[in-house]
Amino acid sequence: MKYWKAGIIFLIAFLIQPSLLNMINIAGYTPNLLLCLVVIFSFIYEDEMYGVVYGAAFGVLYDVCYSQVIGPTPIALTVVAICIILAREYANIENIINMWIVSIISFIAYYLMNWGLHRIAGNPIGIVYVFGKVPWIILYSMVVITIIYLILIRKVVKHHRDRYFR
């Protein structure tokens with residue numbers, strides 16, 4: 001995939017997140033599309049840095065548009081993307097269970113970092129409140145991640161399930 005195509009996907013997710021996605025919420029929860037894309041792109045594409053580049057860029061844009069503090073979202077997205085790139089060396093990208101495990105750990109790490117950075121900036125919201133909502137966001141996001149993963153993995157892996165490939 002080319003960088004401009006990945007950029008368009010991130011732009012669409014950025015535009016859908018605060019507007020259209022709120023109409024399809026489940027019990028008031030919506031998936032974090034930017035985080036979903038950072039996790040998927042960082043996990044699937046071995047030679048490219050889509051998650052780092054677009055996570056930082058759209059994280060800044062997200063904070064400028066929707067946050068009181070600029071910085072926590074791009075920092076958390078970038079750190080999560082780098083950690084996924086490092087963890088990818090030990091995981092098989094063709095196994096969806098590995099994708100789910102990496103996704104869950106990434107979501108917990110992202111929300112913990114984002115909460116901590118906002119807390120340092122003076123946000124009074126407690127961690128119990130944040131992590132009371134995170135399991136539902138993760139469940140909804142896992143459905144989105146699974147769908148996007150199943151679409152993109154076909155284009156990334158040329159000889160899917162061929163054990164003699166490589």
What distance separates [X] [atom1] from [Y] [atom2], expressed to the nearest 0.5 Å?
X    : Y    : atom1 : atom2 : result
K155 : I153 : NZ    : CD1   : 12.5 Å
M23  : T30  : CE    : OG1   : 12.5 Å
I9   : Y54  : CD1   : OH    : 10.0 Å
R119 : I125 : CZ    : CD1   : 9.5 Å
Y149 : I44  : OH    : CD1   : 6.0 Å

**Item:** Those residues that, when tested against L11, pass side chain to side chain contact (heavy atoms under 4.5 Å, CB included) (two or more places apart)
**Value:** L15, F58
[X] and [Y]: which non-hydrogen atoms are nearest, and at how many Å?
X    : Y    : result
Y110 : T73  : OH-CG2, 3.6 Å
M142 : S103 : SD-CB, 3.7 Å
S67  : H118 : OG-NE2, 3.4 Å
G55  : V38  : CA-CG2, 3.7 Å
V69  : P72  : O-CD, 3.7 Å
N95  : I97  : OD1-N, 3.0 Å

**Request:** Taking the side chain as every heavy atom from C-beta outward, state whether Y111 and F107 have any pair of such atoms under 4.5 Å apart.
**Result:** yes
**Request:** Kindly indicate whether the side chain of V39, heavy atoms from C-beta on, has any atom under 4.5 Å from the side chain of M99.
**Result:** yes
Would the distance check show the side chain of [X] and the main-chain N or O of [Y] forming a donor-acceptor pair, the cut-off being under 3.5 Å?
X   : Y   : result
E48 : F41 : no
Y3  : M49 : yes
N98 : N92 : yes

If hydrophobic clusters are built from ILVMFWY residues whose side chains come within less than 4.5 Å, do [X] and [Y] share one?
X    : Y    : answer
Y66  : I70  : no
L20  : I8   : yes
I145 : I147 : no
L33  : L150 : yes
L37  : V60  : no

Give every donor-acceptor pair under 3.5 Å between a side-chain atom in residues 78-88 and any protein atom, sequence neighbours left out.
| residue | atom | partner | partner atom | Å |
| --- | --- | --- | --- | --- |
| T78 | OG1 | P74 | O | 2.7 |
| R88 | NH1 | S42 | O | 2.5 |
| R88 | NH1 | Y45 | O | 2.8 |
| R88 | NH2 | E46 | O | 3.1 |

Using a 3.5 Å cut-off and no angle test, enumerate the donor-acceptor pairs between side-chain atoms of residues 127-138 and protein atoms at least two apart in sequence or in another chain.
none

**Item:** All pairs passing side chain to side chain donor-acceptor pair (under 3.5 Å) where residues 139-148 contributes a residue, at least two apart
**Value:** W100-T146
**Fill in**
The remaining residues in the hydrophobic cluster of Y90, counting side-chain heavy-atom contacts under 4.5 Å among Ile, Leu, Val, Met, Phe, Trp and Tyr, are none
**Message:** Holding to ring-ring contact (aromatic ring centres under 6.0 Å, His included), I want the full list of residues that pass it with F43, two or more places apart in sequence or in another chain.
**Reply:** none
